[in-house]
Colleague: 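For reference, the structure I am asking about is given below.
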Amino acid sequence: MHPPEAFRQRLNGRASIACRIRLDTRLEDCRLVDETPPGRGFGAAALAASVHFRFRPPTRDGRPVEGREITVGVEFGP
C-alpha cells in the first residue's frame, strides 16, 4: 500500500528489503535496505506489504532449502 501522505502528494518511490525465504513460501526477518526518496514512508510500506509476498524456496539436491536471503525491490507509483 502506498504511504498515505506520499499518495496525496502523488510521489513515486521505491524501497528495497532483504528477507529470508521460509519453506512455506512466506518471508521472514525482513529489513529495510534502501528507500527513495528517504523519509517518505516507502520503506515501512514495503515492509508491511512483505507479508503478502510469496517466493518458492531454492532447492538443493531436489529438496527445498529454508533461510535463503533475497533482496526484493518494491516500486510505488501514484
Side-chain angles (χ1 to χ4, degrees):
M1 187 165 132
H2 206 102
E5 185 58 30
F7 183 77
R8 281 190 287 281
Q9 294 178 12
R10 302 190 61 76
L11 292 177
N12 294 331
R14 73 175 312 279
S16 295
I17 58 175
C19 306
R20 296 195 183 282
I21 304 172
R22 295 176 7 175
L23 290 179
D24 66 2
T25 72
R26 297 177 187 267
L27 300 179
E28 67 182 0
D29 299 329
C30 294
R31 68 185 188 290
L32 179 64
V33 175
D34 186 46
E35 68 176 330
T36 303
R40 296 295 190 144
F42 293 107
L47 289 168
S50 70
V51 300
H52 301 289
F53 300 163
R54 300 292 180 268
F55 288 86
R56 184 171 300 167
T59 59
R60 184 180 309 132
D61 297 325
R63 294 184 176 175
V65 178
E66 185 171 45
R68 174 74 53 92
E69 186 170 283
I70 60 167
T71 301
V72 179
V74 183
E75 299 282 333
F76 296 89

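Atom set for the values below is all heavy atoms of this structure, side chains included, hydrogens, waters and symmetry mates excluded.
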Colleague: Between Pro64 and Leu23, what is the shortest heavy-atom contact and its length?
Modeller: CB-CD2, 3.7 Å
Colleague: Just jot down the side chain to side chain donor-acceptor pair (under 3.5 Å) partners of Ser16, sequence neighbours excluded, or say none.
Modeller: Arg14
Colleague: Can you tell me how far apart CD1 (Ile17) and OG1 (Thr71) are? Round to the nearest 0.5 Å.
Modeller: 9.0 Å
Colleague: Might you point out which heavy atoms bring Pro3 and Arg40 nearest each other, and give the distance in Å?
Modeller: CB-O, 3.5 Å
Colleague: Hydrophobic cluster membership, with links at side-chain heavy-atom distances under 4.5 Å among I/L/V/M/F/W/Y: are Leu47 and Val33 in one?
Modeller: no
Colleague: Work out which heavy atom in Thr25 is nearest to a heavy atom in Pro57; give both atom names and the distance.
Modeller: CG2-CD, 4.2 Å
Colleague: Provide the closest heavy-atom pair for Thr59 versus Val65 in the form atom of the first, atom of the second, distance.
Modeller: C-CG2, 4.0 Å
Colleague: Provide the full list of disulfide (SG to SG under 2.5 Å) pairs with a residue in residues 6-45, sequence neighbours left out, each pair given once.
Modeller: Cys19-Cys30
Colleague: So which pairs with a foot in residues 63-74 pass salt bridge (Lys or Arg N to Asp or Glu O under 4.0 Å), sequence neighbours left out?
Modeller: Arg20-Glu69, Arg31-Glu69
Colleague: Considering residues at least two apart in sequence or located in another chain, which fulfil the side chain to side chain donor-acceptor pair (under 3.5 Å) criterion with Glu5?
Modeller: Arg8, Gln9
Colleague: If you look only at pairs with a residue in residues 8-65, which of them pass as a ring-ring contact (aromatic ring centres under 6.0 Å, His included), with sequence neighbours excluded?
Modeller: His2-Phe42, Phe42-Phe76
Colleague: Do any pairs count as a disulfide (SG to SG under 2.5 Å) and have a residue in residues 32-61, sequence neighbours left out, and if so which ones?
Modeller: none
Colleague: Which residue pairs pass the ring-ring contact (aromatic ring centres under 6.0 Å, His included) test when at least one of the two sits in residues 11-37, sequence neighbours left out?
Modeller: none
Colleague: Kindly give the heavy-atom pair with the smallest separation between Val72 and Ile70, and that separation in Å.
Modeller: CG2-CD1, 3.6 Å
Colleague: Considering only residues two or more places apart or on different chains, which pairs with a residue in residues 15-41 satisfy ring-ring contact (aromatic ring centres under 6.0 Å, His included)?
Modeller: none
Colleague: Apply salt bridge (charged side-chain N to carboxylate O under 4.0 Å, His left out) to Arg22 and list each qualifying residue two or more places apart in sequence or on a separate chain.
Modeller: Asp24
Colleague: Can you sort out the partners of Asp61 under side chain to side chain donor-acceptor pair (under 3.5 Å), two or more places apart, ordered by chain and number?
Modeller: none
Colleague: Sequence neighbours left out, what passes salt bridge (charged side-chain N to carboxylate O under 4.0 Å, His left out) with Arg54? Give chain and number order.
Modeller: none
